[in-house]
Amino acid sequence: MLPLPSLFHISLPLSWYITLPLGTWFIYLADHVVDVTRKTKDYPSPRHRFIKRNLRSIIAIMVCISVVIAWQVLHPFSTLLFTVGSILAAIVVLHLFIVRINPTRHSWYNNKELAISIIYAAGIYAAPVMVLHQQGTSILLPIYCAFLLAVIAFINLLMASILELKWDEEMDNTSLVRVMGMKASIFLFNSLLLVCGFGIGLFLRKAPVEYAPMLLCYLVMALSHFFIYKRRHVLLNHLAYRKLSEALFWLPALAWLLG
């Protein structure tokens with residue numbers, strides 16, 4: 001999120017820098033709370049066990065996060081944040097409802113990986129795109145960047161679902177891998193890596209030069225998942241594959257800070 005105002009030559013309120021990380025934290029916690037409250041059984045996933053063991057404290061944290069977000073939006077009232085937040089809230093509620101139902105059959109809506117990817121990319125890009133649109137500036141390139149980020153996030157989540165299939169089966173959690181099967185999921189994972197790499201390379205040739213650092217970061221983020229997956233047997237300990245793949249999403253901010 002940090003490089004976007006500089007990249008698009010816009011200014012965003014301080015509250016955007018506060019509410020977006022807090023909103024992401026809230027969604028992450030809510031997603032896991034829904035998981036652990038569906039059943040009374042023990043969970044094999046360390047993060048789910050942590051959430052279940054500290055459920056009351058987690059809910060208290062979520063309430064505090066909600067209060068801070070509401071204050072940032074309402075004092076003073078920000079039309080931009082209210083509009084973006086309302087749209088994202090509706091998508092998140094729908095996503096959590098589907099997760100609560102937890103379907104494991106083939107259906108158009110049974111795709112938590114896609115839903116979370118859309119929420120993630122929209123949360124980061126929605127406000128900048130709205131500001132650019134209000135200024136009468138073209139939003140085609142920013143929307144394309146948002147699409148690329150959504151694809152990379154989907155690749156990240158699909159890889160995690162492939163590696164955590166056993167846990168999802170034990171917890172009876174919905175997963176695209178459970179619906180599609182392992183072979184089809186791995187084929188989709190590799191295909192998306194190729195398409196994403198080709199799409200970013202094509203965009204690099206045609207986009208303005210100021211987009212190059214962001215796009216190069218996206219290219220590294222996407223292709224790094226291939227090497228993480230190849231080394232999955234080494235990285236399974238302590239969920240190192242998750243920590244490493246999630247750390248990749250800090251690359252744009254790191255590049256911006258160093259630049």
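- A distance of 8.5 Å separates CG in Leu20 from CG in Leu88, rounded to the nearest 0.5 Å.
- Remark: Glu164 engages Arg47 in a salt bridge, criterion side-chain N to carboxylate O under 4.0 Å.
- Each of Phe227 and Leu157 belongs to its own hydrophobic cluster when Ile, Leu, Val, Met, Phe, Trp and Tyr are linked at side-chain heavy-atom distances under 4.5 angstrom.
- In this structure, the separation between CE on Met214 and OG on Ser6 is 9.5 Å, given to the nearest 0.5 Å.
- Tracing side-chain contacts under 4.5 Å through hydrophobic residues (I, L, V, M, F, W, Y), one never reaches Ile116 starting from Leu248; they form parts of separate clusters.
- The aromatic rings of Phe249 and Tyr120 lie perpendicular to each other, with more than 60° between the two planes, well past the 30° mark.
- Judged by distance alone, with hydrogens and angles left aside, the side-chain atoms of His225 form a donor-acceptor pair with the main-chain N or O of Met221 at under 3.5 Å.
- When atom types are taken as modelled, the side chain of Asn111 and the backbone of Leu114 share a donor-acceptor pair closer than 3.5 angstrom.
- Here the side chain of Asn54 pairs a donor or acceptor atom with the backbone of Phe50 at under 3.5 angstrom.
- For the pair Arg232 and Tyr229, the cation-pi criterion (under 6.0 Å, within 45° of the ring axis) is fulfilled.
- Residues Met1 and Ile143 fall within the same hydrophobic cluster, defined by Ile, Leu, Val, Met, Phe, Trp and Tyr side chains chained together at heavy-atom separations under 4.5 Å.
- Judged by distance alone, with hydrogens and angles left aside, the side-chain atoms of Asn190 form a donor-acceptor pair with the main-chain N or O of Ile186 at under 3.5 Å.
- A distance of 10.5 Å separates CG of Leu4 from CH2 of Trp256, quoted to the nearest 0.5 Å.
- One finds the OG atom of Ser161 at 8.5 Å from the CZ atom of Phe154 (value rounded to the nearest 0.5 Å).
- Judged by distance alone, with hydrogens and angles left aside, the side-chain atoms of Glu113 form a donor-acceptor pair with the main-chain N or O of Leu176 at under 3.5 Å.
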